[in-house]
Every structure is written in structure tokens, then in C-alpha cells.
Amino acid sequence: MSEVETPSNFIQNKIDQELKSAKFTVHTRFPPEPNGHLHIGHAKSICLNFGLANQFSGICNLRFDDTNPNKEDMKYVKAIQEDIKWLGFDWGNQIFYASDYFNQLFEFAIQLINKGKAYVDDLTPEQIREYRGTLSEPGENSPYRDRTVEENLVLFQKMKAGEFAEGKKVLRAKIDMSLGNLNMRDPVLYRILKATHHRTGNKWCIYPMYDFTHGQSDSIEKITHSLCTLEFEDHRPLYNWFLDELEIYHPQQIEFARLSLNYTILSKRKLLQLVEEGHVGDWDDPRMPTLSGMRRRGYPPEAIREFCERIGISKSNSTVDFALLEHCVRENLNQTATRVMAVLRPLKVVLMNYPEGQVEEMDAVNNPEDPDAGTRKMPFSRIVYIEQEDFMEDPPKKFFRLGPGREVRLKHAYVIKCEEVIKNELGEIVELRCTYDPETRSGSTQDGRKVKGTLHWISADHAHKAEVRLYSHLFKHANPGDEKECPDLKATLNPDSLEIIEEALLEPSLKNAKGSYQFLRLGYFCVDSQKSSYGSQVFNRIVTLRDTWAKIIKK
RNA sequence: UGGGGCGUCGUCAAGUGGCUAAGACACAGGAUUUUGAUUCCUGCAUUCGGAGGUUCGAGUCCUCCCGCCCCAGCCA
């Protein structure tokens, strides 16, 4: 990976400063809700939290914020753990669940009731909303706000005992209905949910709200720096209120901007919609910005980590260019991927002067970036296939690939010259008759003449066939997540985000392909872990190569 | 007309009163190249949302203004 210095960010600087005046162990946490799969936005948070802990020789907990049994599932906690491990982080024994704290949280609630700082409310959800007031007008006190401590205690115990139906009662904090910060207008602490929790089963029928759970969980775990996204900035006064009233350890919360990436959406709700409506295969569809999708697509975890380093941490809402992610992926793969040849859209080339039945084994370099990667043999024979777009019957001046009467080099093989173009009755080019120059074996000319173009190719008799899937952005719109610019997500779906080439021609060495490769001049590809089976391979295009020629012809 | 944030190059982003406002991506040129890849050079903010002010000195401090984002779930 490149030696770009990791930029400083305001959180890191702050910790640096704090460490100058006090000795303590930095303790962070990554707190996902197990209600969906992790995506690249979570990777930013994971890299920040685990990264800071690593950097300052501290600790980072993995904690599942599992306070809503209706949405959460064990399958997600499993998937999340896999994704974090794959990304390259290790929580050791530091794995926790907010549900582990349900007893403690219940006690906290009792404490607040005893202090006269919480009450049981009988208002319906609709009434609570009405009483809350609006952004510019204060709210009104609930008529149940002044119940006695004793009454509240009895009622809350009855809630816990399951004596009330869902929605009939809630426990609320007693703060101030006139505060400008809506979170402080007597927020709900506990609600009745007669649901089976994936970890606590049917032990509880009342569940704490996130706001009543998160800050205290951080406190219980002695988190020093609770890092979260900007939208929780105005929840901080509430968390502080709980911590102060409960007189427990006080972590400091620091907010940073969540990641936005152009041409993609990072909203769990919308991602779920794509899956449920069948616009993608599943959460791990290679076009998805999920970690499982990127893993299957072939993005190296190192590249994602590098990306997270480079985008930095700040408090300004910003949208990162997808090209930066792709740059990181290419940068990594360029160093590591074995070069091979594959022809996606074959055009038959017959070498008229090449002996029929002859086969030569050409030496091919595995990775010019890595001398230790060695070479392999590639069979060459009279009939080869080249890429259709590498031939033009009437080429523009700057085109230096094959054309009538032109010479071009077949990589690692010979220089060939196009003598004749064969067409079918529809006028389509179906075959090229060429001659090869026997003096140019392995590709270099003896007479010093310059051959500018170099093409990839596959020997017809030795071609290995496989399916290849080409991906591009899922959305046509640059900001599909912006509801104003793009109210109808479905309308902006890119119909060409997946192109399947059922029978691409690959060099025979790919029969036992594993991992990632560079298909010369085409891009980086990897074996799809889901769709490949014994005897039938599917390759995913991870990312194209940079293509300046494509830019030239676009103009 | 409530509360909380944010505004530095096309996109991210350093910068915490003092040398010519880092770096990356993108973009544009050029060199090398048996991948139009890689690599390597070069260019790319006389100016930090705007206007005043403080100061010998301001992107950094003060005042006012403008713009953008978030909050009215018994979601997280």
C-alpha cells in the first residue's frame, strides 16, 4: 500500500491533547444494531473506532445495540461479526450486547422513578406526539405526569409483569416539555413490546428505548470516547442528563459526519428495499455497497481500509467520489493480482501462414509489479480470438489497434498483420485473415520497426470457457440518496448495472482459478464465491482498468 | 418565528494568530511502457460563504449577514 501519511483528524488530535494532561486507556466501541448488514459507511466507523484503539494502544468493544426485538435477528449478529473480521479487525473478548444490560437498565429506570424523574404515561402514541409540540412551539405536560412515585413504581412493575397491552403505557423521563431540544421533552424510556428477543427470549415484555440504553451502555463499559454520527448531536444533552441523574461514569461523546458516496445509497432502509423488491440478488449482491457485497465483488479489505483512511473524519456533511474507492481498489490489486488473458467478445483470427496443428507454449509474465511472481506458459496456435473492439475496419487516426493492412502485437506472442476481413451475409465482421511474422516470437521485432498496439488473445483450441459478469453503478443519478433530487429511487436504477457474458474465453491456466486476477487490458476480476460451482465458473469484474482510450473516443 | 451543527480547489480534507494555504482523488498536458495499465514529471485556491472589525500580522479572534444539513418514532 502507498505510504501516504494518514491525515490527522479532530478526534485524534483531541485524544492526543487529553493524553498530554492525563494517563488513561483509550476505550472505544463499535455499536451496530443487528437489524441489517454492514455497509461501507459502517466501515468508516469501524476503522475509526478500532483504528483509534489500535493507534493509542487502547481497546475497542463490539457491542450490539439490540433493544428492538421486532427488527433484530441472530443472523445479523453473525453476519456483522463475519464482516468485521473480514475487514481486518479483532475485538478479542470484548463482545457485548445491550441486552446484557436489561436488568441494570431496569434498575436505572427504578432509580429515576424514585427520584421523581420518570413517570408512567397512559397517553396513546398519537397523543404523545400531539403533546410534544412542534419545532417552534413548546409541548404540554401529560395529564399523567404528576403520578406519585409509589403509583409509578407499581405501574412500572405491572408493565414489566405483562399486565398491559402493547402501546397502553410507557415510562417517560420527566424533564421539560418546553425545551427547544425535542429530545428533552419527556422522552419515552420504556415501551411494551410482547416480542421474543433473539437473546433474552420471552424474559421481557418491556424494552428500553435506544436513547435510554446507548449512553448507559457506554458508561457501563467505561467507554472513554463515544463516537457517533452527527444526527446524535442533539441527543447528547439527554444522555448527559441520564448520566448525571444516575450519577454514573460519564463517557464523552464526539460526533462526526457519516459517509456519503455518490452513485450509491447507504440507507439501511433503502438497501433493504432493493433486496426485498428484487432489484438486486441479495444483501451480498456484488453491486451492493455492503461489506458482504464488496467482499463478493472482490474488493480487498485492505483497499477499503485505505479508503477509510483517505476520506478523513470531519463534521461537515460531504459526499465522497466513488472514484476514490475504485482508486484504492486498483492500487491494491495492481500490486497483488496475477495477470492473465481473457477475451470477452471474441473475434476469430486465422493466421494463414502459421502451420496447422502447431502449438507453441509462450512465456507470459505473471505480474510485472512483482518480479517474484514468475511466469507461466500460454498455448498459441493458428486460430486465436481477439477482442472485437480491438479491430476497426475504418479506424480513426489515433486508433492503434488492428485494422486492414495494419500490424499489431499479440502480447507475449507474435506481431500479426491483417490481410483480409471476412463478413457474413449481414455485413458483420466474423473473421480476420492475418499473417504472423515468425521473426517476432514473444513480441519483439528483429528489424526494430515499431508496433504500437498490443492486444490480448486466446488460442481457440485451448480456450477455457466461463461466465463473466460486468458491473457498473446501481444508479444512474449521482445522488440517488437525495430525496429532493431523486424522489423515485426505482426510476434511477441503472438497467445496465449488470451485464452477463455467458461464454467468455479464458486462458487455460484459469481452470483452477482462485482469488483475484487482472484480465489484461480489461480490468480486475475474481471468482464469484456464490455462483461458481464445480466445473462452472463465474467471474465478477471487480473494477475496470483506467482507460484513457475510452476517454479519448468519448470526446 | 425553537434547538443543534456545518461552510477551505470539481470531490474529500489538513490547517488550533506569523515562513509562498498540506495531501489525496478527479481533471489537463508530457515522458517511459510488449497492458492506451502501471510508473514518472508538470499544471490545477493571490485566497478560505459574504461584509465589517480587532491586530504589526486573520482561513484561524469578534460582530452582523447569507447558505446548507439534522431534530416533532412507543426506530436506531
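We name chains A, B, ... by the order of the sequence lines, and we start the count at 1 in each one.
Annotated as anti: B/rG59, whose glycosidic dihedral deviates from 0 by more than 90°.
Put simply, A/K168 has no side-chain N or O that comes within less than 4.0 Å of OP1 or OP2 on B/rC74. Contact annotation: A/K452 side-chain N/O to B/rU35 OP1/OP2 distance is not under 4.0 Å. At the phosphate of B/rA76, neither OP1 nor OP2 sits under 4.0 Å from any side-chain N or O atom of A/T213. Dashed line: the shortest gap from a side-chain N or O of A/R339 to OP1 or OP2 of B/rU35 is not under 4.0 Å. In this model, the phosphate group of B/rU11 is not approached by any side-chain N or O of A/S318 to a distance below 4.0 Å at OP1 or OP2. Between A/R132 and B/rC71 there is no side-chain N or O to OP1 or OP2 distance below 4.0 Å. In this model, the phosphate group of B/rG15 is approached by a side-chain N or O of A/S8 to a distance below 4.0 Å at OP1 or OP2. For B/rC75, the OP1/OP2 oxygens have a side-chain nitrogen or oxygen of A/R191 closer than 4.0 Å. Between A/R310 and B/rA13, a side-chain N or O to OP1/OP2 separation shorter than 4.0 Å is absent. Note on A/S314: a side-chain N or O is less than 4.0 Å away from OP1 or OP2 of B/rA13. The side chain of A/T67 contributes no N or O atom lying less than 4.0 Å from OP1 or OP2 of B/rC75. For the pair A/H456 and B/rU35, the criterion of a side-chain N or O lying under 4.0 Å from OP1 or OP2 is not met.
Remark: the A/R129 side chain and the B/rG73 base include no donor-acceptor N/O pair separated by less than 3.5 Å. Taking only distance into account, the side chain of A/Q518 meets the base of B/rU35 through a donor-acceptor pair shorter than 3.5 Å. Side-chain to base pairing of A/R546 with B/rU38: no donor and acceptor N or O lie closer than 3.5 Å to each other. Judged by distance alone with a 3.5 Å cut-off, a donor-acceptor contact links the side chain of A/N13 to the base of B/rU16.
Here A/F232 lies in heavy-atom contact (under 4.0 Å) with a base. Counting any heavy atom pair closer than 4.0 Å across all strands shown, A/T548 reaches sugar-phosphate atoms only and no base atom. Using a 4.0 Å heavy-atom cutoff across all strands shown, A/K551 reaches sugar-phosphate atoms only and no base atom. Base engagement by A/P368 is indicated by at least one non-hydrogen atom pair under 4.0 Å involving a base atom. Residue A/H235 is in base contact, counting any heavy-atom pair closer than 4.0 Å across all strands shown. In this structure, A/K411 reaches the bases: a heavy-atom distance under 4.0 Å links it to at least one base atom across the strands shown. If you check every strand for non-hydrogen atoms under 4.0 Å, A/L455 touches nothing. The residue A/L520 sits close to a base: some heavy atom pair falls under 4.0 Å. Residue A/M184 is classed as having no contact, given no heavy-atom separation below 4.0 Å to the nucleic acid. Among the atoms of the strands shown, none is found under 4.0 Å from any heavy atom of A/F307. Counting non-hydrogen atoms under 4.0 angstrom, A/Y207 reaches nothing in the nucleic acid. Among the heavy atoms of the strands lying under 4.0 Å from A/L123 is at least one base atom, whether or not backbone atoms are also near. Residue A/K484 is classed as a sugar-phosphate contact, given heavy-atom separations below 4.0 Å to backbone atoms only.
One atom, CD of A/E309, and another, C1' of B/rC25, lie 16 Å apart when rounded to the nearest Å. A straight line from CG of A/N317 to C1' of B/rU8 spans 16 Å, rounded to a whole angstrom. Rounded to whole Å, atom P of B/rA76 lies 21 Å from atom CZ of A/R236.
Closest to the side chain of A/L182, from the set B/rA14, B/rA72, B/rG36, is B/rA72. For A/R521, the listed nucleotide lying nearest its side chain is B/rU35; candidates were B/rA72, B/rC12, B/rU35. Side-chain proximity of A/R401 to B/rG3, B/rC25, B/rG36: nearest is B/rG36. The side chain of A/V188 lies closest to B/rC74, out of B/rC74, B/rA37, B/rC75. With distances taken from any side-chain atom of A/K315 to the nucleotides B/rC25, B/rA72, B/rG5, the minimum falls on B/rG5.
Comparing A/T454 and A/S136 by the nucleotide of RNA chain B whose heavy atom lies nearest to each, the residue mapping closer to the 5' end is A/S136. Where A/E137 and A/N183 each meet RNA chain B at their nearest nucleotide, the meeting point lying more 5' is that of A/E137.
The two residues A/V120 and A/R147 have their closest heavy-atom pair at O-NH2, 3.0 Å.
With no hydrogens or angles considered, a side-chain donor-acceptor pair links A/Y101 and A/E221 at under 3.5 Å. Counting only N and O atoms by type, the side chains of A/R376 and A/N366 include a donor and acceptor under 3.5 Å apart.
A salt bridge does not link A/R521 to A/D547: none of the charged nitrogens lies less than 4.0 Å from a carboxylate oxygen.
Counting heavy atoms from C-beta on, the side chains of A/L272 and A/K270 never come closer than 4.5 Å.
Taking the six-membered ring where tryptophan is involved, the planes of A/F400 and A/W549 are tilted, since the angle between them lies from 30° to 60°.
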> Given the rule in the side-chain contact (heavy atoms from CB on, under 4.5 Å) test, do A/Y385 and A/L347 qualify, once you have shown the distances and angles that lead to the verdict?
Replying inline: CA-CA 5 Å; A/Y385 286 98; A/L347 173 58; 5.8 Å; no
> Taking it one step at a time, do A/R172 and A/L189 satisfy side-chain contact (heavy atoms from CB on, under 4.5 Å)?
Replying inline: CA-CA 5 Å; A/R172 292 231 252 167; A/L189 269 28; 6.0 Å; no
